[in-house]
Novice: 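Quick one: structure below, then a few questions.
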Amino acid sequence: YKHLWSLMNQLPARHREILVLRYFLDWRVNQIGEYLHIPENTISVTIRRSLQQLQREWSEEKEEK
């Protein structure tokens, strides 16, 4: 978890907040959109891009070791 949080801290604050709401608090996309006053599509795209970035950075760090 420590490594994951260090990677998440590299994300913009809004992206990190959206991921926490979605995966740690198990909110639905529409709930997050309502709470943050952001369209659902924007939330979905942000989640997808943030996860892709985390995956890339995780893979890059594994390759360096």
Novice: Just so I know, are the side chains of Ile43 and Arg22 near enough to count as touching, which here means a heavy-atom distance under 4.5 Å?
Specialist: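 Not touching, per the 4.5 Å side-chain cut-off.
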Novice: Are Leu51 and Val45 linked, directly or through intermediate hydrophobic residues, by side-chain heavy-atom contacts shorter than 4.5 Å (ILVMFWY only)?
Specialist: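 Unlinked, Val45 and Leu51 end up in two clusters.
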Novice: What's the spacing between Gln53 CD and Gln10 CD if we round to 0.5 Å?
Specialist: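 CD of Gln10 is found 7.5 Å from CD of Gln53.
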Novice: Can you tell if the side chain of Leu19 reaches within under 4.5 Å of the side chain of Phe24, non-hydrogen atoms only?
Specialist: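 SC-SC contact between Leu19 and Phe24 ruled out.
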Novice: Do Trp27 and Val20 touch side chain to side chain, with heavy atoms closer than 4.5 Å?
Specialist: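 SC-SC contact between Trp27 and Val20 ruled out.
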Novice: If you define the side chain from C-beta out and look only at heavy atoms, does anything of Ile32 sit under 4.5 Å from Ile38?
Specialist: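 A side-chain contact under 4.5 Å is absent here.
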Novice: Between Ile47 and Ser50, is there a side-chain heavy-atom distance shorter than 4.5 Å?
Specialist: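 The answer is no; the side chains never approach within 4.5 Å.
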Novice: Return the CG to CZ distance between Leu21 and Arg28, rounded to the nearest 0.5 Å.
Specialist: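 Rounded to the nearest 0.5 Å, the CG-CZ separation comes out at 13.0 Å.
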Novice: How many angstroms lie between atom CD of Glu57 and atom CD of Gln52, to the nearest 0.5 angstrom?
Specialist: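 These two atoms lie 12.0 Å from each other.
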Novice: With side chains defined as the heavy atoms from C-beta onward, is the minimum distance between Lys2 and Trp5 less than 4.5 Å?
Specialist: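 Heavy-atom side-chain distance check fails, nothing below 4.5 Å.
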Novice: Within the 4.5 Å heavy-atom criterion, are Glu17 and Tyr35 side-chain neighbours or not?
Specialist: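 Yes, close enough: below the 4.5 Å cut-off.
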Novice: Is there side-chain contact between Thr46 and Arg14, with at least one heavy-atom pair below 4.5 Å?
Specialist: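 A side-chain contact is absent here, since even the closest heavy-atom pair is not under 4.5 Å.
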